[in-house]
Novice: 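Before we start, here is the structure in question, set down as structure tokens.
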Amino acid sequence: FGPGLTLTIAGSPLCRLVHTHEPACAYFAATFERIFRAVIDPRTRVTETACEAMGAPECVFTVEW
């Protein structure tokens, strides 16, 4: 496996009608992290680096292991 990957969600149901100054998709980040820890590497970290609730065009998650 490479050093990581980037996942995106456009039209996130968690961001509908929500406007924040911090990422709002902790649920997705935690879910992705749990899956990749079980399948790829127990040291996997997932960080939301852009969020529709903050005005980004889509939610972006960086996955590193």
Side-chain angles (χ1 to χ4, degrees):
F1 297 104
L5 61 112
T6 301
L7 304 170
T8 61
I9 298 176
S12 171
L14 298 179
C15 295
R16 276 192 205 123
L17 306 175
V18 175
H19 302 285
T20 67
H21 296 295
E22 296 183 19
C25 299
Y27 171 80
F28 288 127
T31 300
F32 294 143
E33 190 170 280
R34 177 75 173 150
I35 291 168
F36 283 104
R37 282 184 175 187
V39 175
I40 305 293
D41 189 320
R43 298 170 293 168
T44 299
R45 297 278 182 228
V46 176
T47 306
E48 187 176 9
T49 56
C51 185
E52 288 180 349
M54 297 174 62
E58 59 192 5
C59 298
V60 179
F61 302 86
T62 301
V63 184
E64 298 176 313
W65 47 74

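Reckoned from all heavy atoms, side chains included, excluding hydrogens, waters and symmetry mates.
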Novice: Ignoring hydrogens, what is the shortest heavy-atom contact between E33 and R45? Give both atom names and the distance.
Specialist: OE1-CA, 3.4 Å

Novice: Would you sort out whether H21 and M54 count as a side chain to side chain contact (heavy atoms under 4.5 Å, CB included), showing the intermediate values?
Specialist: CA-CA 6 Å; H21 296 295; M54 297 174 62; 5.8 Å; no

Novice: For E52 and R16, indicate whether the former's side chain and the latter's backbone hold a donor-acceptor pair under 3.5 Å.
Specialist: no

Novice: So which heavy atom on E58 is nearest to which on T8, and how close?
Specialist: OE2-CG2, 3.6 Å

Novice: Say you draw a straight line from OG1 of T49 to CZ of F61; how long is it, rounded to the nearest 0.5 Å?
Specialist: 8.5 Å

Novice: Working to the nearest 0.5 angstrom, can you tell me the gap between E48 CD and L7 CG?
Specialist: 11.0 Å

Novice: Do the side chain of R37 and the main chain of T44 share a donor and acceptor less than 3.5 angstrom apart?
Specialist: yes

Novice: Return yes if some donor-acceptor pair links the side-chain N/O of S12 with the main-chain N/O of L14 below 3.5 Å, else return no.
Specialist: yes

Novice: List the atom of W65, the atom of V63, and the distance in Å for their closest heavy-atom pair.
Specialist: CZ3-CG1, 3.3 Å

Novice: Please tell me if the side chains of V46 and F28 come closer than 4.5 Å, counting only heavy atoms from C-beta onward.
Specialist: no

Novice: Closest approach of A53 and C15, non-hydrogen atoms and distance?
Specialist: N-SG, 3.7 Å

